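For this chain, numbers begin at 1 and follow the sequence in order. These numbers were taken from a predicted model, which means no experiment stands behind them.
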Amino acid sequence: MLDLFFPRLCLLCGKPVGKGPVICRTCLNTLPRTEQAAHRGNLTEELFYDVPAFQRAAVFFFFKHGDKYHQLLHSMKYGRFADPAIGYILAKEAAYDFMQSDFFDAIDVIIPVPLHPIRLRERGFNQAEWIAKALAEATSIPMKSTLLTRIRHNEHQARLAKNERKMNVRNLFALNHPEELYHKHILLVDDIITTGETIHACIEALKPARDCKISVFGLGKVQ
């Protein structure tokens with residue numbers, strides 16, 4: 001009866017999805033995928049060429065400010081009805097796509113970008129952790145969500161000008177038990193990658209992990 005009177009609708013096209021995921025298969029198939037996992041030297045990798053330990057980076061799909069894909073990511077973490085399952089579904093799709101390349105082959109551990117405890121209490125979840133969980137389940141690579149912590153409650157990066165973002169993330173993260181990451185290839189995971197400053201701050205905090213390698217995954221990137 002609920003399905004009859006209150007059908008579940010795809011968040012992108014508005015068509016009924018029954019008991020399936022909140023994004024229909026047609027819309028998942030037509031996401032504006034970047035294909036970056038299969039191409040070295042892509043635009044996302046260019047953001048991290050200054051990092052000695054950097055290996056590779058890719059985001060799953062492009063979006064433009066205000067378009068339906070941007071709204072989809074917004075629905076994932078903002079508002080009264082924010083739903084982290086959106087990130088989980090998209091990340092599962094990304095994982096199967098990326099597994100057609102060698103993107104995950106050398107990864108030892110997946111680490112989501114952490115939220116500060118204050119923001120975590122406000123939101124109720126860390127969307128990057130949901131994304132990382134989906135990648136871990138699809139690839140069987142372990143996820144560690146407690147090794148990297150956010151020690152400062154900073155302003156949202158999206159609200160700042162480009163020249164303010166680097167200062168906003170300075171000394172933002174701390175690494176617990178660095179010995180657990182010695183000689184590991186780490187995949188840092190976030191929902192949106194824009195200038196890469198948040199990921200750079202994570203990489204700075206990972207320096208005590210001897211001889212580690214760094215790769216980066218993001219769901220979306222502004223085109």
Side-chain angles (χ1 to χ4, degrees), residues 33-38 40 42 44-45 47-48 51-61 73 76-77 84-117 119-120 123 125-151 169 172-194 196-221:
R33 306 181 187 218
T34 69
E35 308 298 340
Q36 289 183 348
R40 304 304 302 269
N42 60 64
T44 306
E45 290 192 347
L47 298 173
F48 306 104
V51 178
F54 174 72
Q55 300 298 302
R56 62 192 309 178
V59 295
F60 181 38
F61 65 90
L73 291 171
M76 176 179 65
K77 59 181 181 178
I86 296 170
Y88 181 88
I89 293 165
L90 291 171
K92 271 293 181 72
E93 186 73 11
Y96 298 136
D97 192 22
F98 282 30
M99 287 166 68
Q100 304 308 307
S101 70
D102 62 350
F103 186 83
F104 294 114
D105 288 359
I107 303 298
D108 297 307
V109 60
I110 298 172
I111 296 181
V113 173
L115 287 181
H116 189 274
R119 190 161 294 159
L120 184 60
R123 188 172 295 169
F125 59 88
N126 177 4
Q127 71 281 354
E129 189 168 337
W130 277 69
I131 295 165
K133 180 181 179 183
L135 297 180
E137 289 178 358
T139 62
S140 298
I141 299 170
M143 179 189 76
K144 301 283 187 178
S145 60
T146 59
L147 294 180
L148 198 61
T149 55
R150 190 180 295 237
I151 57 176
V169 297
L172 188 59
F173 301 101
L175 179 62
N176 308 308
H177 306 292
E179 70 280 359
E180 293 190 28
L181 296 176
Y182 286 178
H183 314 297
K184 301 293 187 182
H185 188 163
I186 301 161
L187 181 66
L188 288 171
V189 172
D190 208 357
D191 57 341
I192 298 173
I193 295 175
T194 306
E197 295 299 345
T198 300
I199 296 293
H200 271 91
C202 289
I203 293 171
E204 184 68 23
L206 288 169
K207 281 185 175 180
R210 299 175 188 168
D211 194 34
C212 72
K213 298 177 181 178
I214 307 291
S215 288
V216 178
F217 171 91
L219 271 187
K221 191 177 191 304

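- In this structure, Phe61 and Leu90 have side chains that are in contact, with non-hydrogen atoms separated by less than 4.5 Å.
- How far CG of Leu115 is from OG1 of Thr149: 12.0 Å, rounded to the nearest 0.5 Å.
- Interatomic distance, Ser145 OG to Ile110 CD1, rounded to the nearest 0.5 Å: 11.5 Å.
- For the pair Asp102 and Arg56, the salt-bridge criterion is met [side-chain N within less than 4.0 Å of a carboxylate O].
- Side-chain contact between Leu120 and Asn126 is present, with heavy atoms from C-beta onward closer than 4.5 Å.
- One N or O on the side chain of Gln100 and one on the backbone of Tyr96 form a donor-acceptor pair closer than 3.5 Å.
- For His185, there are no ring pair (Phe, Tyr, Trp, His ring centres under 6.0 Å) partners two or more places apart in sequence or in a different chain.
- Atom CD of Gln55 sits about 9.5 Å away from atom SG of Cys212, to the nearest 0.5 Å.
- Here the closest non-hydrogen pair linking Ile131 and Gly87 is CG1-O, 3.9 Å.
- Using modelled atom types, one side-chain atom of Asn42 and one backbone atom of Ala57 make a donor-acceptor pair closer than 3.5 Å.
- Two residues are said to be in side-chain contact when any heavy atoms from C-beta on lie closer than 4.5 Å; Leu188 and Leu206 meet this criterion.
- A pairwise comparison of heavy atoms in Ala37 and Ser101 identifies O-OG, 3.5 Å as the closest pair.
- With sequence neighbours excluded, no residue satisfies side chain to side chain donor-acceptor pair (under 3.5 Å) with Asp105.
- Nearest approach of Ala138 to Ala95, heavy atoms of both residues: CB-CB, 3.5 Å.
- Two residues are said to be in side-chain contact when any heavy atoms from C-beta on lie closer than 4.5 Å; Leu73 and Met76 meet this criterion.
- Note on residues 210-220: no pairs pass salt bridge (Lys or Arg N to Asp or Glu O under 4.0 Å), not counting sequence neighbours.
- Results of the side-chain contact (heavy atoms from CB on, under 4.5 Å) test with Lys221 over Thr34, Leu47, Thr194, Ile192 single out Leu47 as the only residue that passes.
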Side chain to side chain contact (heavy atoms under 4.5 Å, CB included) evaluation trace for Ile186 with Leu181: CA-CA 8 Å; Ile186 301 161; Leu181 296 176; 3.8 Å; yes
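- The shortest side-chain heavy-atom distance between Arg150 and Val113 falls under the 4.5 Å cut-off.
- Every pair passing salt bridge (Lys or Arg N to Asp or Glu O under 4.0 Å) that includes a residue from residues 182-192 is listed here, sequence neighbours excluded: Lys77-Asp191.
- For residues 134-143, the set of pairs meeting the side chain to side chain donor-acceptor pair (under 3.5 Å) definition, not counting sequence neighbours, comprises Tyr88-Glu137, Lys92-Glu137.
- In plain terms, the two heavy atoms of Leu135 and Ala91 that are nearest each other are CD2-O, 3.5 Å.
- No side-chain heavy atom of Asn176 sits under 4.5 Å from any side-chain heavy atom of Thr146.
- The aromatic rings of Phe98 and Phe103 lie perpendicular to each other, with more than 60° between the two planes, well past the 30° mark.
- When side chains are defined from C-beta on, Ile203 does not count as touching Phe54, because their heavy atoms never get closer than 4.5 Å.
- Qualifying ring pair (Phe, Tyr, Trp, His ring centres under 6.0 Å) partners for Phe173, counting only residues two or more places apart in sequence or in other chains: none.
- The minimum heavy-atom distance linking Phe60 with Ala94 is given by the pair CG-CB, 3.5 Å.
- At least one donor-acceptor pair closer than 3.5 Å links the side chain of Gln36 to the backbone N or O of Val59.
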